[in-house]
Amino acid sequence: MSNAPVYEIDPEIFWKDPYPDLKRMRAEAPIAYVPQLGATLLTRRDDIFENEKKIEIFSSDQPQGLMTVLMGQNLMRKDGAAHMAERRAIFPAVSPKTVKSVWKAQFEEKTAEALDELRPDSRADMVKDIARRISGEALKAITGLTNMSWQEMDRVSQGMIDGCANYVGDPAVEARCHDCTGSIDRHIDGMMPLLRVRPDSSMLSVQMQAGLPEEAVRANIKLTISGGQNEPRDVIAGLAWALLTHPDQLAMIRDGKATWLQAFEEYARWISPIGMSPRRVAQPYETKGVTFEPEDRVFLMFGSGNRDETVFEDPDRFDITRDTSHSIAFGAGPHFCAGAWASRCLIAEVALPMIFERLPGLTLGGEVPYGGWAFRGPLEMPVRWQA
């Protein structure tokens with residue numbers, strides 16, 4: 001392992017709220033080995049920004065990594081030419097042009113349908129009843145798995161997320177993850193014959209049209225689901241909570257003094273839904289007095305970098321007027337999130353404006369607990385509105 005200073009954490013406390021520990025690490029040991037995670041953590045924004053691009057050292061190719069073992073080797077776990085070839089293959093499904101001309105209308109239709117069904121009830125759980133449905137319906141369209149229910153989309157995504165964060169090796173979590181990947185494969189089996197006859201702009205279809213090997217197609221669909229359901233779900237609910245608990249900032253949007261997109265970008269910085277990305281050290285390397293050895297495991301802590309006091313003024317404060325241009329919520333290197341345009345459209349252009357428009361008098365109905373450090377979001381969020 002690296003010779004970085006050792007920093008001990010309580011995994012349960014770190015899962016509930018990682019920010020105090022991360023703040024202390026940034027101040028005392030910005031590159032630290034955490035034995036409870038079996039990894040060396042980079043916690044400062046500029047260190048992450050600089051080193052994520054050094055793919056010859058901090059490699060995404062992790063044959064024994066949890067994501068590869070559980071989901072197959074997707075484009076996120078490849079570097080260089082292999083990564084770029086698959087990235088080019090999926091781009092037609094998630095390009096800004098496709099998002100605007102194909103997916104946005106579908107996002108609007110399904111979001112309106114969900115909110116109109118719920119409106120007479122005057123209460124719901126924003127996470128479970130609203131955000132996960134909106135996110136799931138959007139992901140069904142983008143992936144091409146329209147034969148899957150939005151409830152199953154959420155279940156299999158959560159199962160894979162839990163599996164990929166299962167650094168303590170819980171066998172029950174691993175078993176659920178395998179069950180979820182099996183469900184995805186069965187749904188892919190059902191859609192492939194249809195898309196050969198009637199190709200479309202979906203992720204599954206464009207990969208088939210590009211001639212990618214089937215194992216790559218399947219791995220990339222699983223990747224899309226693992227990152228394309230939970231993160232939008234958590235930001236939709238979390239941003240609604242942030243605005244309801246900061247009514248002055250919600251008023252700025254309603255008065256035209258700020259935009260939904262500004263609110264989205266600030267929330268993604270403030271509570272990064274993807275708080276970490278793992279890397280494998282490919283060759284000996286030294287930086288900031290820390291020596292890394294081949295096969296060391298490194299975590300790039302995006303959630304910590306986005307609260308770096310040397311980059312963001314008063315970083316623990318939610319402020320939608322903040323300059324977020326230095327945020328690394330979507331990554332900082334060649335693995336920059338391919339779904340960023342779809343995410344911005346779904347959340348900032350469709351979901352949040354429609355939620356606050358179609359659920360008048362929206363208020364919180366109770367406490368909103370948060371959890372997670374690798375992936376972070378609200379666990380439940382009771383809300384009420386005028387029927």
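Values below: every heavy atom of this structure, side chains too, minus hydrogens, waters and symmetry copies. FYI, the numbering just counts along the sequence from 1.
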Name every donor-acceptor pair, under 3.5 Å, that has one atom in a side chain of residues 353-375 and the other anywhere in the protein, sequence neighbours excluded.
unit_1	atom_1	unit_2	atom_2	d
Arg358	NH1	Asp116	OD1	2.9
Arg358	NH1	Asp116	OD2	3.1
Tyr370	OH	Tyr267	OH	2.8

Beyond-backbone contact of [X] with [Y], side-chain heavy atoms, under 4.5 angstrom:
X	Y	result
Arg269	Arg322	yes
Phe330	Ile274	no
Glu108	Thr111	no
Met71	Cys164	yes
Lys110	Arg133	no
Pro5	Tyr33	no
Asp179	Arg155	yes
Ile236	Asp234	no

Audit row: Asn220, Glu86, side chain to side chain contact (heavy atoms under 4.5 Å, CB included) steps and yes/no: CA-CA 9 Å; Asn220 288 333; Glu86 293 187 19; 2.9 Å; yes

Under a 3.5 Å threshold, yes or no: a donor from one side chain and an acceptor from the other, between [X] and [Y]?
X	Y	value
Glu8	Gln36	yes
Ser95	Thr98	yes
Ser272	Arg376	no

Arg344 to Phe264 six-membered ring, cation-pi geometry met (6.0 Å, 45°):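 Judged by the rule, Arg344 and Phe264 form no cation-pi pair.
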
What is the distance from atom [atom1] of [X] to atom [atom2] of [Y], rounded to the nearest 0.5 Å?
X	Y	atom1	atom2	value
Lys104	Cys345	NZ	SG	5.5 Å
Leu223	Ile90	CG	CD1	7.5 Å
Ile31	Thr40	CD1	OG1	8.5 Å
Ile320	Glu265	CD1	CD	12.5 Å
Glu349	Thr259	CD	OG1	10.0 Å

Could you check whether any side-chain N or O of [X] sits under 3.5 Å from a backbone N or O of [Y], counting only pairs where one atom can act as donor and the other as acceptor?
X	Y	result
Ser157	Ile225	yes
Glu52	Ala332	yes
Arg280	Asp61	yes
Asn166	Asp162	no
Ser304	Met301	no
Arg45	His326	yes
Thr324	Ser327	no
Glu174	Cys177	no
Thr43	Pro30	yes
Asn3	Thr291	yes

Closest non-hydrogen atom pair, [X] against [Y]:
X	Y	answer
Ala268	Ala329	O-CB, 3.4 Å
Arg233	Ala131	O-CB, 3.4 Å
Val206	Pro92	CG1-CB, 4.2 Å
Pro232	Ser135	CB-OG, 3.6 Å

Are there more than 12 heavy atoms of other residues, nucleotides or ligands under 6.0 Å from atom [atom1] of [X]?
X	atom1	value
Glu313	CD	no
Arg317	CZ	yes
Lys257	NZ	no
Lys53	NZ	yes

Under-4.0 Å salt bridge between Arg132 and Asp154: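 Result for this pair is yes, salt bridge flagged.
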
Short N-O contact, Arg218 and Glu214, less than 4.0 angstrom: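 Yes, charged N to carboxylate O under 4.0 Å.
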
Expected list for residues 143-150: side-chain donor-acceptor pairs under 3.5 angstrom, two or more places apart:
unit_1	atom_1	unit_2	atom_2	d
Thr143	OG1	Leu139	O	2.7
Thr143	OG1	Lys140	O	3.4
Thr143	OG1	Leu145	N	3.2
Asn147	ND2	His187	O	3.0
Ser149	OG	Glu152	N	3.0

Shared hydrophobic cluster, [X] / [Y] (ILVMFWY, side-chain heavy atoms < 4.5 Å):
X	Y	answer
Val350	Leu250	yes
Met25	Val298	no
Leu194	Val217	yes
Val173	Ile161	no
Ile328	Met276	no

Parallel, tilted or perpendicular: ring planes of Trp270 versus Trp241, cut at 30 and 60 degrees: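 Aromatic pair Trp270/Trp241 classed parallel.
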
Near-ring test Phe58/Phe292, centroid separation under 6.0 angstrom: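 Between Phe58 and Phe292, which both carry aromatic rings, the centre distance is below 6.0 Å.
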
Sequence-distant partners of Glu12, salt bridge (charged side-chain N to carboxylate O under 4.0 Å, His left out), two or more places apart: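 With neighbours one apart ignored, the set is Lys16.
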
